[in-house]
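Below is one structure, written out as structure tokens, with a few remarks after it.
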Amino acid sequence: MAKVRLRDIPAGHDGNGYIDINGTVYPALKIAKITPKSEAIKDNKRFLDERVEQNAVRGAKHSFDLDYYMASSVLLEAIRDYENGGDYPDITIQYFSRAAGRGRQEIMLTGVILDSTGFGALDDGSDTSQVHSTSGTFDEWEIIERYKEV
């Protein structure tokens with residue numbers, strides 16, 4: 001196996017969330033950190049007279065943890081419209097990582113549902129940017145741009 005250099009290991013540093021309202025795409029939030037994952041849905045069974053349990057993958061679940069700097073007014077208005085009887089907004093999250101030796105990889109998550117939406121925060125003891133945290137789920141994901149193999 002060839003030696004892998006630290007400079008060739010991607011570091012994530014950019015991403016945004018978008019919202020589609022009636023066919024128009026608007027910025028929804030500025031990502032600080034996102035960790036999406038695909039989790040196996042498993043079936044486990046230990047049959048009679050067997051000591052070892054067997055496992056089978058039956059599907060997958062997509063979820064993420066997200067820290068973001070701010071929700072746009074468009075996103076907040078869409079959440080309010082949903083709470084008042086409208087449809088949940090069509091949210092897409094797009095982010096990329098880049099590394100000197102590998103180039104860039106961009107991922108898009110669609111069908112995003114946020115567990116919570118922060119409206120803002122005030123703290124008289126802080127001059128740092130406001131960061132909100134949430135978890136959520138997504139229906140589909142797509143690789144828009146791939147890393148070069150090293």
Side-chain angles (χ1 to χ4, degrees), residues 4 6-46 53-150:
V4 176
L6 179 60
R7 70 175 182 240
D8 294 336
I9 296 175
H13 201 264
D14 194 19
N16 287 294
Y18 301 93
I19 186 168
D20 183 324
I21 299 176
N22 299 324
T24 302
V25 178
Y26 300 96
L29 42 88
K30 182 68 175 167
I31 295 172
K33 178 181 178 182
I34 187 167
T35 53
K37 55 191 168 276
S38 178
E39 179 182 339
I41 298 171
K42 298 178 284 186
D43 185 13
N44 311 77
K45 182 69 177 166
R46 186 176 69 131
E53 181 178 87
Q54 295 184 34
N55 304 286
V57 176
R58 302 294 189 200
K61 174 184 176 182
H62 298 142
S63 62
F64 61 85
D65 294 310
L66 172 69
D67 294 339
Y68 61 97
Y69 290 107
M70 59 178 285
S72 69
S73 297
V74 173
L75 175 59
L76 296 179
E77 289 168 356
I79 296 296
R80 174 177 277 173
D81 288 346
Y82 168 72
E83 291 173 355
N84 289 331
D87 292 331
Y88 192 81
D90 182 11
I91 300 172
T92 299
I93 295 178
Q94 221 169 308
Y95 64 94
F96 68 83
S97 299
R98 138 176 48 225
R102 290 188 182 233
R104 168 184 150 115
Q105 179 164 283
E106 186 166 355
I107 305 288
M108 181 171 63
L109 314 177
T110 57
V112 170
I113 298 175
L114 302 172
D115 289 354
S116 63
T117 306
F119 299 149
L122 295 177
D123 179 354
D124 69 354
S126 175
D127 290 324
T128 61
S129 302
Q130 297 177 17
V131 177
H132 303 281
S133 297
T134 188
S135 294
T137 59
F138 57 99
D139 292 335
E140 300 286 334
W141 62 278
E142 180 179 343
I143 299 174
I144 296 173
E145 188 174 347
R146 297 177 184 275
Y147 292 128
K148 294 181 279 186
E149 295 303 317
V150 179

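The first residue in the sequence is number 1, and the count goes up from there. We use all heavy atoms of the structure for the numbers below, so side chains are in, but hydrogens, waters and symmetry mates are not.
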[atom1]-[atom2] distance between [X] and [Y], expressed to the nearest 0.5 angstrom:
| X | Y | atom1 | atom2 | value |
| --- | --- | --- | --- | --- |
| Q130 | Y68 | CD | OH | 10.5 Å |
| L114 | T137 | CG | OG1 | 9.0 Å |
| Y95 | I34 | OH | CD1 | 6.0 Å |

task: State which residues pass salt bridge (charged side-chain N to carboxylate O under 4.0 Å, His left out) with D87; sequence neighbours excluded, sorted by chain then number.
output: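 Salt bridge (charged side-chain N to carboxylate O under 4.0 Å, His left out) check on D87 returns nothing, list empty.
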field: Partners meeting salt bridge (charged side-chain N to carboxylate O under 4.0 Å, His left out) with R58 (sequence neighbours left out)
entry: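 Applying salt bridge (charged side-chain N to carboxylate O under 4.0 Å, His left out) to R58 gives D43.
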Min side-chain heavy-atom separation [X]-[Y] under 4.5 Å:
| X | Y | answer |
| --- | --- | --- |
| T92 | V25 | no |
| L75 | I91 | yes |
| I41 | V57 | no |

Please name all residues satisfying side chain to side chain donor-acceptor pair (under 3.5 Å) with [X], sequence neighbours left out, ordered by chain then number.
| X | answer |
| --- | --- |
| T134 | S116 |
| E106 | Q94, R104 |
| E83 | none |

query: By ring pair (Phe, Tyr, Trp, His ring centres under 6.0 Å), which residues pair with Y82, not counting sequence neighbours?
result: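 Y82: ring pair (Phe, Tyr, Trp, His ring centres under 6.0 Å) contacts with Y88.
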Stepwise side-chain contact (heavy atoms from CB on, under 4.5 Å) check, Y69 with L29: CA-CA 7 Å; Y69 290 107; L29 42 88; over 6 Å; no
With sequence neighbours excluded, what pairs up with [X] under the side chain to side chain contact (heavy atoms under 4.5 Å, CB included) test?
| X | result |
| --- | --- |
| E53 | N44, R46, N55 |
| F138 | P36, H62, F64, L109, V112, W141 |
| E140 | T110 |

- prompt: What are the two closest non-hydrogen atoms of L76 and G118, and how far apart are they?
  reply: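 In this case the closest contact between L76 and G118 is CD2-O, 3.9 Å.
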message: Taking salt bridge (charged side-chain N to carboxylate O under 4.0 Å, His left out) as the cut-off, I'd like each qualifying pair that reaches into residues 59-79, sequence neighbours left out, listed once.
response: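 Qualifying pairs, neighbours excluded: K37-D65.
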